[in-house]
Structure formats: C-alpha cells, structure tokens
Amino acid sequence: MTNALNGRRVAILAADGVEQVELEKPRQAVLDEGATVELVSLDTGEIQAMNGDIDKGDRFPVDRKVADVEVGDFDALLLPGGTMNPDNLRTDPDAVRFVGEFVRAGKPVGVICHGPWTLVEADVVRGRTLTSFPSIRTDLRNAGATVVDQEVVVDNGLVSSRNPDDLPAFCREVVRSFAG
C-alpha cells in the first residue's frame, strides 16, 4: 500500500442489482490506497448485489442517499455495473444530476460494464472515448461517444472497462486517476 489516495473521498454510486465483484474490487483497491469510501444509493438501508445478474449476492449498507449528497462532498466517483443497477440509477433524477455534475466538474470517474448507462442519461459522454459491456456500446455511440474494445480506457479522468475480467487493469487505472 502506497497511500496514494490518503485524504481522498470516494463515492460509489450503486443501487439494487449492482454486480457484486464490480463494487467490491474497486472499493477495496481505493481503500487499500487510503481513500475514505461511501456507498451512495437511491434510498437508505441496504442494496442487493448480484452475481452475473442472475444470482443474489450480498447486501451492502448504504452510507448516504444520493438526494442528500453534493459533488463537493467527494473527490472521485465509482460507477459499478450489473444490468439492473445502472438501469435503476438512470431513472432517478437525483442520481442523474449527481453523475452529470460530477463529470462536468472535471472530477475523476471510474465506470465499468453497464455503468456508462448512467453517464449516457446524464448526457456527459459526447466527445469522450470509453469502453463498456458490448450490449450498451450502441447507446454510447448514439450519445456521441467514441467506443473502443479495450480492457481499460482513460480519457481525461474518465476510466472505463468492459466487464469483471478487466478488474485488475480497471482498479490500477482508477487508483492512478483518483490520485491525480
């Protein structure tokens, strides 16, 4: 551990249906580097994680409701995937507002798998290069993004990856970007 993120505050925005490994691995990576992490969601209580979008995983306690947070509360943002998670987030005005303001503020964001759906809804991918799970690439292109098929893409503070197989590269680049 190098404490590269000592003093940094990281929000993980997730809802029911989050892919468990895409929440846990990046969270552990930033915690290992000294960051303070809060799980932000649509409501208080707990969220239900999934494994492979099919099997129920663990439940995770929510630290704060997205309606009650501001961009200034955090230095960086993680958007894990899972199919249901970003589908839930992109229909919530507070979640969309938070993500949009975060990106427009130029703060670093890590997003994986289906997570970019929330970025699309916030209208912040136009002119950006990123990767994602194959099934949402057309949505990204239609929203003005350049989409590539690589394990990790870094575009001016926006770190993106395709799926859980990319987590080692994703976590490495998230830490590097968040330390920036």
Side-chain angles (χ1 to χ4, degrees), residues 1-51 56-82 84-86 88-90 92 94-119 122 124 130 132 152-154 157-161 163-164 166-180:
M1 184 163 70
T2 64
N3 287 319
L5 302 178
N6 198 26
R8 302 264 194 221
R9 300 159 300 157
V10 176
I12 300 176
L13 179 60
D16 285 333
V18 65
E19 182 68 26
Q20 184 163 328
V21 70
E22 293 174 359
L23 184 152
E24 288 183 315
K25 294 285 185 183
R27 178 178 66 180
Q28 195 59 55
V30 297
L31 283 171
D32 287 349
E33 292 296 333
T36 300
V37 178
E38 290 188 50
L39 179 58
V40 177
S41 192
L42 305 178
D43 291 302
T44 57
E46 295 180 327
I47 59 171
Q48 176 66 60
M50 300 297 286
N51 294 309
K56 283 188 177 180
D58 296 331
R59 296 187 65 78
F60 292 87
V62 173
D63 295 306
R64 294 171 72 185
K65 187 175 173 179
V66 70
D68 299 332
V69 298
E70 297 296 329
V71 172
D73 297 342
F74 301 99
D75 301 303
L77 174 64
L78 283 167
L79 295 170
M84 290 174 36
N85 166 50
N88 287 324
L89 293 174
R90 68 185 179 155
D92 183 271
D94 291 315
V96 173
R97 171 200 52 83
F98 180 67
V99 169
E101 288 176 0
F102 215 95
V103 173
R104 285 187 287 279
K107 293 186 175 189
V109 175
V111 60
I112 189 167
C113 198
H114 288 78
W117 260 342
T118 311
L119 297 172
V124 292
L130 63 157
S132 71
V152 66
V153 175
V154 181
L158 177 61
V159 180
S160 59
S161 283
N163 58 55
D166 298 334
L167 279 166
F170 179 70
C171 291
R172 179 187 68 242
E173 293 302 325
V174 159
V175 167
R176 185 175 292 147
S177 180
F178 288 10

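Heavy-atom basis, side chains included; hydrogens, waters and symmetry copies ignored. Nothing here was measured: the structure is a model prediction, and the numbers come from that model.
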Between F102 and V124, does a side chain to side chain contact (heavy atoms under 4.5 Å, CB included) hold up when you go through it step by step? CA-CA 10 Å; F102 215 95; V124 292; over 6 Å; no
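- The distance from the CG atom of N88 to the CG atom of D43 is 10.5 Å, given to the nearest 0.5 Å.
- Among all heavy-atom pairs drawn from P86 and H114, the shortest one is CG-O, 3.2 Å.
- Side-chain contact between V109 and V159 is absent, with no heavy-atom pair separated by less than 4.5 Å.
- Interatomic distance, L23 CG to L79 CG, rounded to the nearest 0.5 Å: 11.0 Å.
- Summarising the geometry, atom CD belonging to E46 is positioned 10.0 Å from atom CG belonging to D58; distances are rounded to the nearest 0.5 Å.
- In this structure, D63 CG and D68 CG are separated by 12.5 Å, a value rounded to the nearest 0.5 Å.
- Nearest heavy atoms, A15 versus N85: N-OD1, 2.6 Å.
- Contact check on R64 versus D73 returns a salt bridge, with a Lys/Arg side-chain nitrogen under 4.0 Å from an Asp/Glu carboxylate oxygen.
- Using a 4.0 Å cut-off between charged side-chain N and carboxylate O, E173 and R176 make a salt bridge.
- Using a 4.5 Å heavy-atom cutoff, the side chains of L77 and V99 are in contact.
- A side-chain donor-acceptor contact under 3.5 Å links K107 to the backbone of V71.
- To the nearest 0.5 Å, atom CG of residue D166 and atom CZ of residue R172 are 10.5 Å apart.
- Of the candidates I112, V30, L5, V152, V30 is the only one forming a side chain to side chain contact (heavy atoms under 4.5 Å, CB included) with V174.
- Listed for the E33 side chain is a donor-acceptor partner under 3.5 Å among the backbone atoms of N3.
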From CA spacing to verdict: side chain to side chain contact (heavy atoms under 4.5 Å, CB included), V10, F74: CA-CA 6 Å; V10 176; F74 301 99; 5.9 Å; no
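- Here salt bridge (Lys or Arg N to Asp or Glu O under 4.0 Å) pairs that include residues 4-17, with residues two or more places apart or in two chains, are R9-D75.
- Within the 3.5 Å criterion, the main-chain N or O of A95 finds a donor-acceptor partner in the side chain of D92.
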Using side chain to side chain contact (heavy atoms under 4.5 Å, CB included), reason through R59 and I47 one step at a time and then give a plain yes or no. CA-CA 5 Å; R59 296 187 65 78; I47 59 171; over 6 Å; no
Taking it one step at a time, do V111 and L119 satisfy side chain to side chain contact (heavy atoms under 4.5 Å, CB included)? CA-CA 9 Å; V111 60; L119 297 172; 3.8 Å; yes
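- Of all the heavy atoms in S41 and A14, the pair that sits closest is OG-O, 2.6 Å.
- For S160 against L130, the heavy-atom pair with the smallest separation is OG-CB, 3.2 Å.
- Of the possible polar contacts, none joining the E22 side chain to the C113 backbone as a donor-acceptor pair under 3.5 Å is found.
- Annotation for A49 and F60: closest pair CB-CE1, 3.6 Å, computed over non-hydrogen atoms.
- Summarising the geometry of F170 relative to S161, their closest heavy-atom pair is CB-OG, 3.3 Å, with the distance given to 0.1 Å.
- Here Q20 contributes atom CD and M50 contributes atom CE; the two are 10.5 Å apart, rounded to the nearest 0.5 Å.
- Panel note: side chain E19, backbone N51; no donor-acceptor pair is recorded below 3.5 Å.
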